[in-house]
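Some notes on the structure that comes next.
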Amino acid sequence: MRPSAQVAVVVPTPAHSELHGPLTYTHDAPLPPGTLVRVPLGRRTVLGIVWDHAPAAPGAATLRAIDEVWSPLPPLDAAWRALVAFAARYYQRSLGEVALAALPPALRTLDAEALARRLARTPSPSGPTAHEAPPALTADQTQALQAIESATRPVLLFGATGSGKTEVYLQAAARTLARDPLAQVLVLVPEINLTPQLLARFQARFGASVVALHSGLTPAQRLRHWLAAHMGQARIVLGTRTAVWASLPRLRLIVVDEEHDPSYKSQEGARYSARDLAVVRAHHLAAAGCRVVLGSATPALETWHAAEQGRYQRIELPVRMGGAHWPALRLVDLRQQPRDTLLAPPLRAALQARLARGEQALLLLNRRGYAPVIACGDCGWKSGCPHCSAYLVYHKRERALRCHHCGHAQPVPRACPTCGNVDLAPLGRGTEQLEEHVVQALAELRRPDGGPVRVGRLDADTARGVGALEQTLAAVHRGELDVLVGTQMVAKGHDFRRITLVAAINPDGALYASDWRAPERLFALLLQAAGRAGRDAAFTAAQGAQPELWVQTSQPDHPLFAALARHDYPGFAAQQLQERRAAGMPPFAHQALLRAEARQLEVALAWLQHAAACADDLPGRPQVTLYAPVPMTLTRVAGVERAQLLLESGSRAALQALLAAWLPHLHALRRTPAGRGVLRWAIDVDPLGY
DNA sequence: AGCACGCCGACT
DNA sequence: GTCGGCGTGCTC
């Protein structure tokens, strides 16, 4: 058989490669776009995807032949390819990198034979097996459901904890599946291990037609679930941000739960936003009637702004909470307290009173370890990381100093390394110290049954290991722990029945932080944390307890707290948006970052300076502001210096045009003297933090 | 990114 | 005498 057709194939060429379009291969017949193939690339063979158009002039003198065609597998459809093509263009990555990263990693290791074996073992298509009966909806929920069904724009489902968003998702999914016997639904969640309840509820309602897609699965499970989605057997796919890439040939509804959550933004590789791509994906499928629902109690300001402008349709679910009260806000002015106060007297008294009555409490402190740094009182030495521009955190129980950025660990020195002083003191507070402090402060206290108060801690340190997280949460749930101390991970989605007091020990970092998105995140965290209190209305009522949210702060007059006291997200958002508009910040401007890494900071900065110079005269340049290159806030991590250059424009099109035209110049810089010593560089479109 | 080829230091 | 350090270059 003589090769007679030229076929465009997308292969995994990384962003740094200058091969960013499809490559041309030969085959004995044309192949439909979306077909998976194995092709030779250099000295290896790789997985590739047949793409839509063969380039007019292949860039290579001699073309090579496709090795293997995976014909048993249906091609990836046009809508999937459109999503990948959009993301590659928008986030300035190569088509191949995005397309291949969107497939389950295990697929890349298969050959045609192994694939055939696997497909033979896939189960027969399963419809949604009716299990648990859906509960009756409230009037508000019914209205929300109807609005979703008739929506022609993305829907923002704005509703607090306890307003019944999940039931709306479930019934919207049920109606979508009922309307079209082949329809598929995609549900995105921030972190699957923190929301196992949602998966459980979907499985209880829809049975085996629900599959999960997230990084906690084994490679084989992930592949099986991906194939089930691709073959149309899975009717509902529930997963984390990577699930936005799932091949779903009959996708008709996308739900993005907790849409404001920063974990939807990928921070390495292609820096995509799964929430934004979900909106794009639904838009591509608008003609087929696909809807997208973004749900949150504290939407991202970008999303809120889009709703204000009418680009998204806002649907509000009023809080019901089964008659329970919204927690009252109690502020402690830390300026009136001694430095480094952990529990101010009024908070301590409130805590003791609650525990003595048999209620539970949740204490939030966003720093793990015992103290964020140890210092010498004589010479001023501080425990800096040898590889990062950060302090080593003191972990008392481990007797170690640990870097939370590069993983460096060392024993705690007996004496100051510079002056020999043996009196080294921990500075600042972490969850480990808070736990110790709370245990001491409550040692004398007795619960109504006469037992001692039991204190538990939940952070990345105690949650390590299989099931550790679930065990602690279950212990709180069963009432075996009275106080739970932890980082923000305790605020997410858990249902603690008897918690009536939630306290943020010192969240001020977010108010001083140079990160201008910090207030938005803090508001979301505190509102979410407050939602943990008073969940069990019957218990709260029987106790005669008004649930409380305590915040210790040295800025009690910050407008954030006034809005929080009123439980007023719209008010908070209006105030923040006004500030953003005045300062010309997103969502009133569009941003991108060029980041560079090198062994020496000067090298990274100089490269960015050269990069800025090449941007002159490019399309879009007049409408884009390029700021001066600066070191990142955390300059050095694991021995690598990092710097960045911010680009900002009122016009997304101008920014996109500039970035696209800039990329070849940036690649070319690699071969110039300016490129020497630059380890890596990357463009981050719509960056979250910097 | 892989994965080669390609020239200079401490080991079986 | 080799094993191996990562510098530089290529992949239809």
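Each chain gets a letter, A, B and so on, in the order its sequence line appears, and its residues count up from 1. Worth knowing before you read on, the calculation uses all heavy atoms, side chains too, and leaves out hydrogens, waters and symmetry mates.
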Worked verdict on A/H404 versus A/H395 for ring-ring contact (aromatic ring centres under 6.0 Å, His included)
CA-CA 11 Å; A/H404 289 181; A/H395 288 253; 5.2 Å; yes
Assert: residue with more 5' nearest nucleotide on DNA chain C, out of A/R43 and A/P40, is A/R43
To the nearest angstrom, the OH-C1' distance between A/Y25 and C/dT11 comes to 8 Å
Atom NE2 of A/H27 and atom C1' of C/dC12 are separated, to the nearest Å, by 16 Å
Please examine the side chains of A/L199 and A/V187, heavy atoms only from C-beta on, and report whether any two atoms are closer than 4.5 Å.
no
*Could you tell me whether the side chain of A/H27 and the main chain of A/A5 form a donor-acceptor pair under 3.5 Å?*
no
In whole angstroms, the gap separating P of C/dG7 from CG of A/L679 amounts to 10 Å
A/I49 CD1 to C/dC12 C1', in whole Å, measures 16 Å
Checking B/dA4, B/dA1, C/dC12 against the side chain of A/T24 (C-beta onward), the nearest is C/dC12
Rounded to whole Å, CZ of A/R64 lies from C1' of C/dC10 at a distance of 12 Å
**Asked** Do the side chains of A/I683 and A/L666 get nearer than 4.5 Å, heavy atoms only?
**Response** yes
In whole angstroms, the gap separating C1' of B/dA1 from CH2 of A/W681 amounts to 14 Å
Taken to the nearest whole Å, CG/A/L95 to P/C/dT11 is 20 Å
note: A/Q6, atom CD; C/dC12, atom C1'; distance rounded to Å ~ 10 Å
